[in-house]
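Take a look at the structure below.
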Amino acid sequence: MSRKANIAVLVSGGGTNLQALIDAQKKGVLKSGEIRLVIASNPNAYALQRAEQNGIDRFAVSKKACGSQQEFEKQIIELLERYHIDFIVLAGFLTVLSADFTARYDHRIINIHPSLIPSFCGDGFYGLRVHEAALAKGVKVTGATVHYVNEIPDGGEIILQKAVNIRPDDTPETLQKRVMRLAEWKILPQAAELVSQKILSEQK
Ligand code: GRF
């Protein structure tokens with residue numbers, strides 16, 4: 001069988017986007033890359049259990065336990081190198097990575113953000129806050145974006161976007177769920193496949 005791109009998924013929470021990647025791998029939507037490693041910034045992240053249930057190697061690396069950003073990133077890099085990782089998917093990873101780290105993995109890190117960038121993104125826009133801001137502004141359409149990660153929060157090149165209509169009775173919670181189901185869980189695996197194909201073609 002031909003080589004696949006080696007993927008690491010970095011998580012902090014429930015891991016529904018990790019699950020979407022695992023399911024896509026099983027269905028063959030993600031076929032040019034394989035999830036080799038899951039790293040959680042929080043040892044209690046349910047995402048670690050999802051990795052375990054699917055036989056994927058997993059580690060918790062906590063910034064608090066590491067004592068500094070530098071040590072935290074050093075431990076992550078050691079794992080990425082040990083597993084010969086080609087690219088990293090940030091799937092609800094809540095720790096901001098340093099400019100040194102993002103430069104080291106230039107065009108080798110992708111992130112899912114729950115809005116149509118450049119709306120409702122950047123510093124402080126994470127989780128429910130993104131959807132609260134969209135509803136407060138009264139936009140009628142929101143969605144999700146997968147982008148490369150650089151030193152600017154949510155500022156890297158856009159790979160895929162998908163729009164989701166806002167309903168008059170939406171709350172931040174209902175909107176968050178619908179954006180996940182209709183957009184995030186679809187475009188993250190699609191983007192992982194596109195990036196896998198690109199990396200493999202560059203290595204030929
Ligand atoms: C998602 O909304 C994602 O867009 C954001 O964090 C959330 C992660 O959820 N970056 P999960 O852990 O994948 O369920």
Side-chain angles (χ1 to χ4, degrees), residues 7-26 29-30 35 37-54 56 58-63 76 87-97 101-102 109-135 139 141-150 152-166 170-193 195:
I7 304 172
V9 185
L10 272 54
V11 294
S12 298
T16 61
N17 279 287
L18 168 65
Q19 190 66 52
L21 289 164
I22 293 169
D23 294 346
Q25 200 172 278
K26 287 182 183 159
V29 173
L30 173 54
I35 306 164
L37 171 66
V38 169
I39 302 175
S41 63
N42 161 16
N44 302 318
Y46 183 68
L48 287 171
Q49 291 185 42
R50 295 184 192 268
E52 184 177 8
Q53 284 156 12
N54 288 279
I56 302 168
R58 64 223 164 261
F59 298 86
V61 181
S62 137
K63 189 170 154 184
I76 292 176
F87 78 99
I88 301 160
V89 179
L90 304 183
F93 187 66
L94 291 177
T95 307
V96 176
L97 295 163
F101 189 99
T102 58
I109 313 174
I110 68 172
N111 179 51
I112 178 83
H113 181 77
S115 75
L116 294 174
I117 290 175
S119 290
F120 314 118
C121 65
D123 270 341
F125 284 101
Y126 60 87
L128 271 183
R129 290 177 185 208
V130 179
H131 305 290
E132 282 163 5
L135 291 175
V139 293
V141 177
T142 186
T145 304
V146 182
H147 61 93
Y148 285 109
V149 174
N150 63 12
I152 303 160
D154 300 324
E157 188 188 330
I158 290 170
I159 303 169
L160 286 177
Q161 292 189 301
K162 192 164 193 294
V164 173
N165 287 327
I166 290 182
D170 262 325
T171 63
E173 290 78 10
T174 61
L175 186 57
Q176 180 183 50
K177 285 203 184 92
R178 209 161 64 260
V179 167
M180 283 180 152
R181 184 167 52 83
L182 299 181
E184 294 181 42
W185 301 342
K186 292 199 161 79
I187 62 172
L188 186 59
Q190 288 168 2
E193 173 60 20
V195 173

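Counting convention: from 1, in listed order, for ligands and their atoms alike. Please read all numbers here as calculations on a predicted model, not as lab measurements.
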Ile110 vs Leu90, test: side chain to side chain contact (heavy atoms under 4.5 Å, CB included). Steps then yes/no.
CA-CA 6 Å; Ile110 68 172; Leu90 304 183; over 6 Å; no
Which atoms of ligand 1 sit under 4.0 Å from any heavy atom of [X]?
X: Thr16; result: 11 (P), 12 (O), 13 (O), 14 (O)
X: Met180; result: 1 (C), 2 (O), 9 (O), 14 (O)
X: Pro114; result: 4 (O)
X: Gly92; result: 6 (O), 8 (C), 10 (N)

Return yes if some donor-acceptor pair links the side-chain N/O of Arg58 with the main-chain N/O of Ala40 below 3.5 Å, else return no.
no
Closer than 3.5 angstrom, by distance alone: can the side chain of Ser115 be matched with the main-chain N or O of Phe120 as a donor-acceptor pair?
yes
So for Gln176 against ligand 1, with non-hydrogen atoms under 4.0 Å, the contacting part is neither
Testing Asp23, Leu48, Val9 one by one against Leu18 for a side-chain contact (heavy atoms from CB on, under 4.5 Å), which residue passes?
Val9
Can you pull out the closest protein heavy atom to atom 12 (O) of ligand 1? Residue, atom name and distance to 0.1 Å, please.
Gly15 N, 2.8 Å
Nearest protein heavy-atom contact for atom 4 (O) of ligand 1: which residue, which atom, what distance?
Glu184 OE1, 2.7 Å
His113-ligand 1 polar pair, N/O distance under 3.5 Å:
no
Quick one: does Gly13 get an N or O within less than 3.5 Å of an N or O on ligand 1?
no
Please check if any side-chain donor atom of Ser12 sits under 3.5 Å from a side-chain acceptor atom of Ser41, or the reverse.
yes
Is the number of heavy atoms from other residues, nucleotides or ligands under 6.0 Å of Phe59 CZ greater than 12?
yes
Looking at ligand 1, is there an atom of it that comes within less than 4.0 Å of some heavy atom belonging to Ile112?
yes
Is there a side-chain contact between Lys26 and Asn54 in this structure, where contact means two heavy atoms from C-beta onward sitting under 4.5 Å apart?
yes
